[in-house]
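Reading through the structure tokens given below for one structure.
Each ligand, and each atom within it, is numbered from 1 in the order the structure gives. A quick note: this is a predicted structure, and the numbers were derived from the prediction, not measured. One is the number of the first residue; the rest follow in order along the sequence.
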Amino acid sequence: MKPLNDRRKTLFCLGAALIVLFLFPAVAAAYVNLQYPSSAGVGKPFAIRLTSPEVLEEVSVEWQGRTVPLEISQWNGKYIALGLFGSSVAKTKPGIHTMNLRLKTPGGTTERSVSIRLRSIKYKEDHLTLPEKMVTPPAEVLAKIALDRKATSKALATQTLSRKWGLPLQRPVNGIVTSPYGRRRILNGKPRNPHGGIDYRAAVGTPVAAALPGRVLLTGDHYYAGKSVYVDSGGGVISHYFHLNSISVKEGDPIATGQKIGESGMTGRATGPHLHFGLSLSGQMVDPEPLYSLTIAELLDQGVFLRIETKGGE
Ligand SMILES: [Zn+2]
């Protein structure tokens with residue numbers, strides 16, 4: 001009696017194990033691989049990539065208070081979403097920051113948060129003396145400044161899904177860097193916001209090349225930035241070129257990397273002829289410098305992998 005009972009139990013257990021083994025791999029197959037940095041310097045750009053063997057319908061990323069949808073492409077039978085992010089030295093404090101991901105698959109919506117530690121970076125200080133009227137704008141230009149800001153804020157809030165950016169970026173001019181990203185300016189003894197872009201020495205009339213492809217979002221003649229061009233490269237990536245002497249593109253124009261967008265000058269608030277180049281990633285002004293030499297793969301290599309189980313599966 002007893003041995004038979006034990007054999008039955010064993011057979012039952014084996015059967016159950018086989019059923020679980022047969023079902024479980026199909027359920028566990030629904031996952032997405034995330035590559036992201038566990039830490040990054042304040043002001044430095046970084047990349048994330050989501051790779052899924054299963055259908056990925058929508059990806060959105062919440063970072064530094066803004067939610068950005070990422071374009072999904074298919075490559076080698078996999079679904080891939082790439083994002084370029086960063087933090088602004090003017091607005092971000094070092095420490096642990098959270099990135100929230102929302103993934104839509106045929107099985108449902110999966111939400112996942114990851115922590116990214118933003119490390120403090122020591123940026124230099126610049127003491128400048130400018131004519132007082134340039135430091136404190138006269139009352140009659142305040143309305144003009146407010147209008148400029150409205151137009152530029154709207155441009156920087158633009159989100160287009162189609163990813164046109166690629167890496168490495170092309171240098172817009174060949175001149176030396178006269179003021180790097182992050183340098184804090186003390187104007188006439190008063191501390192100002194840290195420098196949000198890179199200044200290159202460039203004689204008036206030097207051709208300015210597009211650092212990355214996209215579409216012209218805004219051109220203007222602003223009080224501080226002078227003649228300026230904003231280019232949207234999709235996925236929240238927007239670049240801008242300030243103090244131009246002339247602009248050779250118009251709003252809506254498609255832009256190829258290296259294409260001439262204008263000539264450098266010293267329009268707006270500039271102490272001498274130079275080009276100011278800025279890069280905004282989902283509203284965060286970051287340091288473009290690392291992106292002149294790194295490919296997307298090299299930038300991603302700075303990160304770690306995380307397997308995210310998604311809902312459902314077949
Ligand atoms: Zn500048």
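- For His274, every N, O or S atom stays at 2.8 Å or more from the Zn ion (ligand 1).
- Ring centers of Tyr123 and Tyr181: under 6.0 Å apart, within the cut-off.
- Judged by the 6.0 Å distance and 45° axis criteria, Arg269 is not positioned over the aromatic ring of Tyr224.
- His276 contributes atom ND1 as its closest N/O/S atom to the Zn ion (ligand 1).
- In this pair, His243 and His274 present their aromatic rings tilted. The plane angle is within the 30 to 60° band.
- Within Asp199, the N, O or S atom lying nearest to the Zn ion (ligand 1) carries the name OD1.
- With contacts defined as side-chain heavy-atom distances shorter than 4.5 Å, the pair Met285/His240 qualifies.
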